[in-house]
Amino acid sequence: MDAKKLIAARVAQELKDGDVVNLGIGLPTLIPDYLPTDVHITLQSENGFLGMGPLEGEPLPDLVNAGGKACGMVPGTAFFDSAMSFAIIRGGHVDATVLGGLQVDQEGNLANWMVPGKMIPGMGGAMDLVTGAKQVIVAMEHATKDGGAKILKRCELPLTAAGKVTAIATELAFFRFVDGQLVLTETAPGVSLDEIRAKTEADYVVSPECREMCLPA
Amino acid sequence: MDAKKLIAARVAQELKDGDVVNLGIGLPTLIPDYLPTDVHITLQSENGFLGMGPLEGEPLPDLVNAGGKACGMVPGTAFFDSAMSFAIIRGGHVDATVLGGLQVDQEGNLANWMVPGKMIPGMGGAMDLVTGAKQVIVAMEHATKDGGAKILKRCELPLTAAGKVTAIATELAFFRFVDGQLVLTETAPGVSLDEIRAKTEADYVVSPECREMCLPA
Amino acid sequence: MSAPSKRMTHADLRPKLKDGMSIMFGGFLAVGTPLGIVQEILDAGIKDLTIIGNDTATPDIGIGRLIAARRVKKVIASHIGTNAETGRQMIAGEIEVELVPQGTLAERIRCGGSGLGGVLTPTGVGTIVEEGKTKLSFDGVEYLVERGLRADLAILKAHIADEKGNLVYRRAARNFNPLMALAADFVAVEADSIVAAGEIEPDLVMTPGVLVDALILSGEC
Amino acid sequence: MSAPSKRMTHADLRPKLKDGMSIMFGGFLAVGTPLGIVQEILDAGIKDLTIIGNDTATPDIGIGRLIAARRVKKVIASHIGTNAETGRQMIAGEIEVELVPQGTLAERIRCGGSGLGGVLTPTGVGTIVEEGKTKLSFDGVEYLVERGLRADLAILKAHIADEKGNLVYRRAARNFNPLMALAADFVAVEADSIVAAGEIEPDLVMTPGVLVDALILSGEC
C-alpha cells in the first residue's frame with residue numbers, strides 16, 4: 001500500500017456511520033474508497049452542498065466540487081449558498097474535516113495555507129473548517145520531501161487555526177490529541193517506535209495501548 | 001373624509017412607483033387604497049415575503065400577513081425566512097415604512113412599542129423597520145384621546161429608535177424632517193396654523209411653501 | 001442507507017422532553033409552529049421551560065398554550081401582545097420576558113447556529129434595548145453587540161420533508177424555522193408529508209437534512 | 001406594471017461601468033460567474049477595479065481574465081491559488097490582495113447587505129488574520145470583529161429569472177450570488193432564461209426581485 005492510500009485507509013476508520021464530513025482536495029478525496037460498506041457518510045462541499053458523490057456518467061451543469069471539478073450527488077442532496085455552507089461548517093454541524101498539512105505542532109496548531117514569500121494561495125475555507133468541525137484530522141506524509149519533520153514543537157509557518165487539530169494520520173503513525181497532549185496511538189505496519197521518534201520533532205507520549213494499524217489488505 | 005382615511009390618503013402620496021414598502025398594522029394598511037393607478041408598490045411583510053396583496057377569494061394555507069391575518073399575493077411574490085426578511089429591512093432595501101406612533105418628537109425619535117407598567121406588547125419588527133427603512137413615515141392621529149400632544153419636544157415613552165423619523169402625517173398636518181429640523185409643510189383642509197400650533201408641543205418651523213393638502217375627493 | 005431513520009412518532013419525543021429545558025419554536029402567530037409537538041410537550045407535563053420564538057401566539061393556539069398552562073419560566077420573543085396571559089404573568093412577576101427586536105432575534109438565533117459569537121446591529125441603539133450591551137462604533141455609526149442564542153430543543157414545522165430530513169416550508173410558515181434548525185442540540189420537525197430521499201429537487205431544499213434529528217408526520221399525534 | 005423594466009442587454013450596462021469602481025462577482029472557480037458581463041467589463045476598458053469574490057478563477061476564465069488584462073487594483077478573496085497571474089502580480093507589488101477566510105467573506109458580504117456592522121467569528125483567532133482587528137471575548141471564547149463589505153456593482157449569474165428580478169440558481173452555481181444581491185448599489189444579473197412574473201413558484205425564489213436592478217439574458221452578448 002503506498003503512503004497516500006495507507007493514510008486514506010486509516011483515516012476512513014475514524015469516520016462513523018452517519019457522519020457529515022468535509023474532505024480537503026488531494027489525498028483526503030481517496031478516503032471514501034476505504035469506508036466499510038456499512039458506513040455511510042454525507043460529504044459536505046464548501047462551495048454549497050451536502051450529498052456530494054462520485055461523478056457517474058456525464059457531468060451535470062454547475063455540479064462541481066470545491067476544487068472546481070465535475071462531481072456527482074446522491075439522492076437527498078441539498079444545495080445552499082456560501083453563508084449557509086459556512087453556517088454549517090462553523091456552527092459545528094460537520095462531524096469531521098480531513099485536510100492536508102504543511103506543519104502541525106504539539107499544541108494542535110495547523111499550518112497549511114501559505115509559505116511566506118513563496119506560495120500564498122489563500123486559506124479558502126480551511127480556516128473555518130478547522131475552527132468549526134468537531135474532529136479535525138490532518139492527513140499528510142510524515143516528513144517533507146527533504147526528510148524534514150512536519151510534526152513540530154511549534155509551527156513556523158502562518159497558522160490556519162490555533163489548537164484545533166484532533167488527530168494526525170501519516171504513513172508512519174496515527175496520533176490523537178488527548179486532553180491537549182499529543183499521543184501516539186498506532187504505528188503503521190513494520191514501522192518502529194524509534195523511526196517515528198526520529199522523524200517527529202514534537203514532544204508526544206506513546207499510548208500504553210499503542211498498537212499496529214489494522215488496515216485492509 | 002374621516003381622520004384615518006385622510007392620513008392614509010396623504011401618506012399614499014409619499015410613495016413612488018416601484019417602491020418597496022412595509023406597512024404597519026391598522027391605519028397604514030389603508031394606504032394602498034389611495035395609490036394612483038400608475039403607482040405600483042411592492043409590499044414587504046416582515047413575516048417573510050415580498051409581494052403581499054389583498055385577500056381575493058379563499059385564503060391559501062400559510063399565507064398570512066404580519067398580523068396573522070389571511071392575505072393575498074401578487075404574481076412574482078417571493079417568500080423567505082426571517083433572517084432574509086430583516087436583511088432586506090435593515091439593509092436599506094425597503095424604501096418606506098409607515099407605522100403608527102404613540103409619541104414622536106422634534107429630534108425624529110419615535111415611541112410606539114410600550115407604555116411602562118401598562119402595555120408592553122414588544123417591539124416586533126418595528127425597531128428594525130424604523131432603523132433600516134429609507135423613509136420612516138409616522139401615520140397617527142395628531143393628539144391622544146384626551147387631547148394631549150403626541151408630537152413632543154422629547155418623547156417620554158421608551159423609544160423605538162432614535163432620530164430616524166423622516167415624516168409625520170396626521171389628520172391635521174404633514175411634517176417633514178429637513179436637515180434634522182421638523183418642518184410643517186402641509187395643513188389638512190380647513191385646519192389653521194393656529195390649531196396645529198395649539199395641538200403640537202414640539203418646536204417646528206412652518207415651511208415658506210406650506211400649503212393645504214391636495215387630497216382625492 | 002444504514003443510518004438510523006429519523007422517522008418517529010410524537011410519543012417518541014417524550015424522552016427528550018425535560019423540566020427546565022430551553023425550546024426554540026418556529027412560527028409567527030402560530031403559522032409555522034408544529035402544533036402536534038406542542039401538544040406532546042403539554043402532555044409530557046414538563047415545566048420551567050425557556051421558550052424562544054417570535055411571539056407567544058394566543059392563549060389557546062400554538063406555543064401560547066404552554067404559557068396558559070403555566071409551563072414557562074422565561075420567554076425570549078419579539079412580541080407578546082397577542083397573548084394577554086403572557087403579559088399578565090410578566091406583570092405579576094410569574095415569568096421572565098426578554099423582548100428582542102425581531103430582526104435581532106433572527107440574527108441571534110442564526111449566530112447561535114452558525115458558530116458566530118454575535119452580530120453588530122444598529123437596531124436598538126438609543127433605546128432601552130441597548131442597556132447592558134457592549135457597543136462598538138465604526139465609521140461614526142454605533143452598533144450593539146448582540147450575542148448568539150441556542151436551545152436544547154428546536155421544534156419546527158415543515159410542509160414537505162424527505163427521509164433524510166431535507167425540508168421545504170410553505171409560504172409564510174417558513175419564518176424562523178430554517179434558522180432554528182441550526183441552533184439547537186436536538187431538532188424535531190413535524191411535516192405535512194414525508195417523502196423518499198431524492199424526491200425533493202436538491203436546489204429547492206430549504207433546510208438540509210443533516211440538521212434534523214427527528215421527523216414526525218403531522219397527522220400522527 | 002408601469003415600473004421600468006429591468007431587462008437590458010450587456011451593452012446597456014456600459015454607463016454603469018467606471019474606472020476605480022468596486023465589483024462583487026458571484027462564482028466559485030467561475031461556476032456561477034456571469035461570463036457575458038465579465039466580457040462586457042473587459043470590452044468597456046475600465047481599470048483600477050477592486051474585485052470582491054471567492055477566488056480569481058484562472059487567467060483565461062471568468063473574473064480571472066480581468067486580472068490577466070491588468071484591470072484590477074485590489075482583490076478581496078479567499079483563494080487565489082488557481083490563478084498564477086494573481087499571485088505573480090501580488091508578489092510583484094502590482095496589485096493588492098486581501099485574503100479573507102471563505103466563511104468570513106460570506107458573512108462580511110451578508111453584513112454589508114443586511115445593515116449589520118459586522119459579525120463576531122472565531123475563525124482566524126490566533127492567526128495572521130486577526131492582525132489589526134478588534135477582538136472581543138465572551139464566555140471564554142475569543143472572537144474577531146469582522147466588518148461588512150459592500151460594492152458599487154454586483155455581477156451575478158442566475159439560472160432562471162422572472163421579469164421582476166426574482167432569481168433561481170442551479171446547483172453549485174449559487175454560492176456567493178444571493179449574498180452579493182444584497183450588498184451592492186447596483187445589481188446586474190445574467191440569467192440563462194427570463195420568464196414572466198409569476199412563473200417561478202413564490203416559495204422557490206432564492207433572491208427576491210426587489211434586490212435586482214438589471215436583468216440580462218445569457219446569450220445576448
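Letters go in sequence order (proteins before strands), and every chain restarts at 1.
By number of non-hydrogen pairs under 4.5 angstrom with chain D, the leading residue of A:Gly132, A:Pro158, A:Gly122 is A:Gly122. In terms of heavy-atom pairs under 4.5 Å with chain D, the best-connected choice from A:Thr160, A:Val64, A:Asp128 is A:Asp128. Contact count versus chain D (heavy atoms, under 4.5 Å) is highest, among A:Gly125, A:Gly48, A:Ala126, for A:Gly125. Ranked by heavy-atom pairs under 4.5 Å with chain D, the first of A:Ala87, A:Ala161, A:Pro61 is A:Pro61. Chain D forms the most heavy-atom pairs under 4.5 Å with one residue out of A:Asn47, A:Leu129, A:Leu159, and that residue is A:Asn47.
For D:Val100, the part sitting under 4.5 Å from any heavy atom of chain A is the backbone (N, CA, C, O) and nothing else. Residue contact with chain D, scored on non-hydrogen atoms closer than 4.5 Å, is absent for A:Ser45. For chain D, the nearby parts of A:Leu60 are the backbone and the side chain; heavy atoms of each come within less than 4.5 Å. Of the two parts of A:Ala66, the backbone and the side chain both hold a non-hydrogen atom closer than 4.5 Å to a non-hydrogen atom of chain D. Within the 4.5 angstrom heavy-atom criterion, atoms from both the backbone and the side chain of A:Ile120 approach chain D. With a 4.5 angstrom heavy-atom cutoff, A:Thr131 touches chain D only via side-chain atoms. Proximity to chain D (any heavy atom under 4.5 Å) is shown, for A:Met84, by neither the backbone nor the side chain. Residue D:Phe176 touches chain A through both its backbone and its side chain, counting heavy-atom pairs closer than 4.5 Å. At a 4.5 Å heavy-atom cutoff, the contact between A:Met73 and chain D is made by side-chain atoms alone. Residue contact with chain A, scored on non-hydrogen atoms closer than 4.5 Å, involves the side chain of D:Met90 exclusively. Within the 4.5 angstrom heavy-atom criterion, atoms from both the backbone and the side chain of D:Leu99 approach chain A.
Taking a 6.0 Å sphere around NZ of D:Lys133, one finds it holds more than 12 heavy atoms contributed by other residues, nucleotides or ligands. Within a 6.0 Å radius of CD1 in D:Ile91, other residues, nucleotides and ligands contribute more than 12 heavy atoms.
Applying side-chain hydrogen bond (donor to acceptor under 3.5 Å, both in side chains) to A:Asp62 and the options D:Arg170, D:Arg171, D:His159, D:Arg174 leaves one that passes, D:Arg170.
Using bins of under 30°, 30° to 60° and over 60° for the plane-to-plane angle, the ring pair A:Phe175/A:Tyr204 lands in the perpendicular bin.
With salt bridges taken as basic N to acidic carboxylate O contacts below 4.0 Å, none links D:Arg65 and D:Asp60. With respect to A:Arg10 and A:Glu186, a salt bridge is recorded, a charged nitrogen being found less than 4.0 Å from a carboxylate O. Under 4.0 Å is where a charged nitrogen must lie from a carboxylate oxygen, and between D:Lys157 and D:Asp192 at least one such pair does. Using a 4.0 Å cut-off between a side-chain N of Lys or Arg and a carboxylate O of Asp or Glu, D:Glu130 and D:Lys135 qualify as a salt bridge. One finds a salt bridge joining D:Arg150 and D:Asp185 here, because a Lys/Arg side-chain nitrogen approaches an Asp/Glu carboxylate oxygen to under 4.0 Å. Between D:Arg7 and D:Glu163 there is a salt bridge, with a side-chain nitrogen of the basic residue lying less than 4.0 Å from a carboxylate oxygen of the acidic one.
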